[in-house]
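Heads up, the thing below is written out as structure tokens.
Every chain is numbered from 1 and lettered A, B, ... according to where its sequence line falls, protein lines coming before strand lines.
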2 protein chains.
Amino acid sequence: MSTIEEKIKKELIQRFGDAYKAFGLSKLMGHIIALLLFSPEPLSLDEITKQLGRSKGPISQIVRRLRDKHLIRKAWMPNDNRKDYYEVEPEIFEHAFRNNLELIKNNTRIAKQLKEKIKSSKSENLKPISQRMIEMEKFYLLMEDYYNDFLLSWAKERSKLFS
Amino acid sequence: MSTIEEKIKKELIQRFGDAYKAFGLSKLMGHIIALLLFSPEPLSLDEITKQLGRSKGPISQIVRRLRDKHLIRKAWMPNDNRKDYYEVEPEIFEHAFRNNLELIKNNTRIAKQLKEKIKSSKSENLKPISQRMIEMEKFYLLMEDYYNDFLLSWAKERSKLFS
DNA sequence: TTTATCGTTTGAAATATTTCAAACGAAGAT
DNA sequence: ATCTTCGTTTGAAATATTTCAAACGATAAA
């Protein structure tokens with residue numbers, strides 16, 4: 001690999017690590033995603049391990065979590081029946097977005113549940129916070145709408161991109 | 001405070017702590033926000049300290065960060081010139097959302113910058129990742145649009161709510 | 001069947017983060 | 001002017017998280 005390519009790879013790994021951390025995820029997650037994005041071919045656990053200079057333990061665990069989040073998937077490799085090979089999901093950004101949507105839905109849930117509990121408590125003192133919970137629920141419900149609209153819109157945009 | 005009110009306060013604090021952590025922020029941040037949301041009156045640092053059972057150090061630091069993020073603000077208290085009193089920003093949810101928008105913008109920036117670097121490297125090997133960066137930039141640019149539309153829409157919805 | 005290699009699990013070590021207690025400077029109260 | 005009390009800062013202690021190395025079970029290769 002040329003020096004310039006090497007440099008770009010390093011920067012990609014670095015920036016994705018920071019970005020993932022900023023979203024409250026493991027930095028190593030970002031590193032693995034970046035590495036797989038960069039690689040034209042799927043990579044085995046050993047290759048990821050070697051390229052990132054980490055040991056097998058954490059790589060194995062984080063790869064599982066990335067799979068659970070639908071950000072990467074196993075790739076079938078005809079030449080090698082032993083190792084598992086991984087690649088990024090084709091719709092990785094959409095999946096990342098959907099994971100975020102789950103957090104939003106959780107906020108909606110919190111607001112709704114607290115709102116109900118306050119209501120059934122019939123306490124006058126809780127009037128202000130009740131008002132806040134109503135506002136919060138409305139906010140995140142509207143947000144869910146926009147998230148869903150975005151997904152529809154992106155599906156169109158993306159299909160244009162790949163035609 | 002009645003038992004039921006106490007219980008609701010505790011639950012609010014608990015859930016907000018978890019939610020903040022899920023977004024990659026400090027759990028204590030969520031606790032303070034919940035406490036201030038719950039309280040009809042602004043609270044002093046000492047009161048926050050006492051109610052959350054923590055010492056002054058971390059409370060002071062986190063309160064500063066919350067202020068930087070525009071999630072809380074100082075409230076003027078005519079009876080007490082000594083202490084600082086805090087309350088949640090009236091538009092706290094919108095501000096939290098804007099903080100998130102900054103993360104999105106950062107993702108757009110990453111994609112754009114890497115895209116440019118790959119382009120100027122003129123490397124054929126980097127074609128696939130270049131394609132990915134183009135897709136990524138489009139994705140997050142579209143997302144920015146939706147975020148901005150949402151803000152406009154929420155402004156309307158909120159003004160309806162408070163009329 | 002035996003051997004070798006894979007991915008996972010696990011307990012310990014290293015690291016990062018959170019929390020506290022004490023010290024400090026600033027500013028209102030006396 | 002002196003005394004309190006406030007919020008902040010800071011270094012150490014406690015806690016949480018990340019990371020590693022070794023052991024293990026499973027499965028392909030010999």
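Inter-axis angle, ends of the helix from C:dT1-D:dA30 to C:dT30-D:dA1, five pairs per end, rounded to 10 degrees: 10°.
Identified under the ring-ring contact (aromatic ring centres under 6.0 Å, His included) test for residues 5-59 of chain A, with sequence neighbours left out: none.
As rounded to whole Å, 16 Å separates atom P of C:dG7 from atom CD1 of A:Ile62. The distance between atom CG of A:Asp46 and atom P of C:dA4, rounded to the nearest whole Å, is 17 Å. Spacing between atom CD1 of A:Ile59 and atom P of C:dC6 amounts to 15 Å, rounded to whole angstrom units. The interatomic distance linking A:Arg82 (CZ) with C:dT5 (C1') rounds to 4 Å, in whole Å.
Not one N or O on the side chain of B:Ser60 forms a donor-acceptor pair closer than 3.5 Å with the backbone of B:Lys56. Checked by atom type and distance alone, the side chain of B:Ser163 pairs as donor or acceptor with a backbone atom of B:Lys160 at under 3.5 Å. In this structure, B:Ser130 contributes its side chain and B:Leu126 its backbone to no donor-acceptor pair below 3.5 Å.
Under the 4.5 Å side-chain heavy-atom criterion for ILVMFWY residues, a single connected hydrophobic cluster contains both B:Leu45 and B:Ile32.
Nucleic acid contact for B:Lys74: none, since no nucleic acid atom lies under 4.0 Å from a heavy atom of the residue. Nucleic acid contact class of A:Lys56 (heavy atoms, under 4.0 Å, all strands): base.
Remark on DNA chain C: of its neighbouring residues B:Arg65 and A:Tyr85, the 5'-side contact belongs to A:Tyr85, judged by nearest-heavy-atom nucleotide. When each of A:Gln61 and A:Asn81 is assigned the nucleotide of DNA chain D with its nearest heavy atom, A:Gln61 is the one assigned upstream, toward the 5' end. Residue-to-nucleotide proximity on DNA chain D shows that, of A:Ser55 and B:Ser60, the 5′-proximal contact is made by B:Ser60. Along DNA chain C, the nucleotide nearest B:Lys27 and the nucleotide nearest A:Ser44 are compared for position; the residue whose nucleotide lies closer to the 5' end is A:Ser44.
Where DNA chain D meets chain A (any atom under 4.0 Å from a heavy atom), the bounding nucleotides read 5' to 3' are D:dT19 to D:dA29.
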**Request:** Show your reasoning for whether salt bridge (charged side-chain N to carboxylate O under 4.0 Å, His left out) applies to A:Glu144 and A:Lys105.
**Result:** CA-CA 7 Å; A:Glu144 286 179 29; A:Lys105 283 184 181 168; 5.7 Å; no

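Between B:Phe150 and B:Phe97, the ring planes are tilted. Angles from 30° to 60° get that label.
For B:Lys50 and B:Glu47, the salt-bridge test fails: no basic side-chain N is under 4.0 Å from an acidic carboxylate O.
Counting heavy atoms from C-beta on, the side chains of B:Glu135 and A:Phe162 come closer than 4.5 Å.
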